[in-house]
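To find a chain, count down the sequence lines: A is the first, B the second, and so on, and within it residues start at 1.
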Protein chains: 2
Amino acid sequence: MSDERPEPGTVRPGGRTAKVREAVLRAAGDALAEDGFDRLDLAEIARRAGVGKTTVYRRWGTVPGLVADLLTEMAEESLPRTETGTLLGDLTAQARLVQSTLSDTRQGPLFKALITAAACDRQTADALHRFYRIRTEEWAPCVTAAIERGEVPEGTDPAEVIRAVSAPLYYRLLIGGDPIDRAAADRAALAAATAARAGAFAVRTANG
Amino acid sequence: MSDERPEPGTVRPGGRTAKVREAVLRAAGDALAEDGFDRLDLAEIARRAGVGKTTVYRRWGTVPGLVADLLTEMAEESLPRTETGTLLGDLTAQARLVQSTLSDTRQGPLFKALITAAACDRQTADALHRFYRIRTEEWAPCVTAAIERGEVPEGTDPAEVIRAVSAPLYYRLLIGGDPIDRAAADRAALAAATAARAGAFAVRTANG
DNA sequence: CCTTTAACGCAACTGGAGTCCCGTTATGAG
DNA sequence: CTCATAACGGGACTCCAGTTGCGTTAAAGG
């Protein structure tokens, strides 16, 4: 009633173990982008990665478990952020980055599959939330700067503005099915910037 | 090389066939809401519906196929729309309706599962797009009315405004994981109304 | 009411995703 | 360098989602 054995791969994370993880996560990303979440077969991923299927089942167990690990990996690599000097400029840059990611032949289906996996499994959902919380925090400073410039009212929630830019694009990816083009990105950025300047994302303090 | 046989259930759609469809779709909705898309078993649905599993496999074949039919059914039942006289009022009513749906114990998981299924299957995705196109068109008149009142610039795309209201709430459901509360709904409606009044959803005509 | 056959239901069957056993490799400590 | 064992790999095995065959029930037409 004591031996909680450590996760495989944590005790001896030397060369081979790390190479296996890298190869499997890479193969998982490829397979997710090509086939989607539901058609995923761990044996197929093992084959792609040049690894025994027993290894994949032992270390990750299930498809959602593997996806969760992939998301943790993805959360660690960071993207450079642009600084244009205006809120609209910064938000447009963000929207276009999201747009080019979601309309990319590999990344679009991959993100769709990641979100799908998260909808099916709690652990994966937590990993996804962490991933987007990090991304949101990376972009938040451009709103903070706008507040300091006086472009946007005090009390505005930066994260809420950032999410407002992305949301319409993800809506298209997952629900509406409409094309995710540059016009859609620019419109999302403009709408978010306009609403932010008007104070739509400010906390409702007692103001007369 | 000729006999394209008709879809089962279309030739003789009398009492029994209709009852079976109703019971199966009902059971499918329950199972989706409770277990989610990936844990779905057609045999389990057959058991719940009090129907032979062969019947379910023969008429719908796969889980996405069944979900697509469920979406078609759901698209036919319509929701009443409120008219408050102002764009913000109408959009707030819409946002709160979406909010109460997505935070409902049954409907929230159900919609998450429906969107997940659509992400995995083309036929289901088409059904989902039709469903939301219909819902969007049902709400669009409140934007059209705002244009006629002069509250919103000419050339504003009504559907785009409606989607802008829903998008942040679906983003929370599927991606961010933040709670879908009334404050979020009201903020989404306020942001969309503000952006719409400022012309953020108007087509970019040649204006100096 | 009688006939035809679409659609259903039961039960046996199948294939492949996921598990288990055990021998092999190579990491990290002394 | 040597040893103990974490981690990997191949292959046999299990179990159940999905298929198939065939007899039964009940729409639809006359």
Gap between atoms [atom1] and [atom2], on [X] and [N] respectively (whole Å):
X: Arg39(A); N: dA17(D); atom1: CZ; atom2: P; result: 20 Å
X: Arg59(A); N: dG9(D); atom1: CZ; atom2: P; result: 10 Å
X: Lys19(A); N: dT25(C); atom1: NZ; atom2: P; result: 19 Å
X: Asp35(A); N: dA17(C); atom1: CG; atom2: C1'; result: 15 Å
X: Arg21(B); N: dA6(C); atom1: CZ; atom2: C1'; result: 17 Å
X: Leu66(B); N: dG18(D); atom1: CG; atom2: P; result: 12 Å
X: Trp60(A); N: dA17(C); atom1: CH2; atom2: P; result: 19 Å
X: Leu42(A); N: dG16(C); atom1: CG; atom2: P; result: 17 Å

Is any NZ, NE, NH1 or NH2 atom of the basic residue among [X] and [Y] found under 4.0 Å from an Asp or Glu carboxylate oxygen of the other?
X: Arg59(B); Y: Asp69(B); result: no
X: Asp157(A); Y: Arg187(B); result: no
X: Glu22(B); Y: Lys19(B); result: no
X: Arg81(A); Y: Glu137(A); result: no

State which of [options] makes the closest approach to the side chain of [X].
X: Lys53(B); options: dA12(C), dC10(C), dA17(C); value: dA12(C)
X: Val20(B); options: dC10(C), dC8(C), dT19(C); value: dC8(C)
X: Arg16(B); options: dG9(D), dG18(C), dA26(D); value: dA26(D)
X: Thr17(B); options: dG18(C), dG18(D), dC8(C); value: dC8(C)

Among residues 112-124 of chain A, which ones have heavy-atom contacts with DNA chain D below 4.0 Å? none

Yes or no on side-chain hydrogen bond (donor to acceptor under 3.5 Å, both in side chains) for Tyr132(A) and Tyr170(A), after CA distance, side-chain angles and deciding distance? CA-CA 12 Å; Tyr132(A) 278 101; Tyr170(A) 281 94; 2.7 Å; yes

Tell me which of Asp41(A) and Thr54(A) sits closer to the 5' end of DNA chain C, going by the nucleotide each one is nearest to.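 It is Asp41(A), whose closest nucleotide lies nearer the 5' terminus.
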
More than 12 heavy atoms of other residues, nucleotides or ligands under 6.0 Å from CZ of Arg197(B): yes or no?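 More than 12 within 6.0 Å, yes.
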
N or O in side chain of Thr55(A) less than 4.0 angstrom from dG9(D) OP1/OP2: yes

Less than 4.0 angstrom between a side-chain N/O of Tyr57(A) and OP1 or OP2 of dT19(C), yes or no? no

What do the steps show when you test Arg130(A) against Leu71(A) for side-chain contact (heavy atoms from CB on, under 4.5 Å), and what is the final call? CA-CA 9 Å; Arg130(A) 277 195 296 276; Leu71(A) 275 165; over 6 Å; no

Applying a 4.0 Å non-hydrogen cut-off, can you work out what Arg58(B) is touching in the nucleic acid: base, sugar-phosphate, or nothing? base

No-H, no-angle donor-acceptor pair, Thr62(B) side chain to dG18(D) base, under 3.5 Å: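 Side chain to base: no pair present.
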
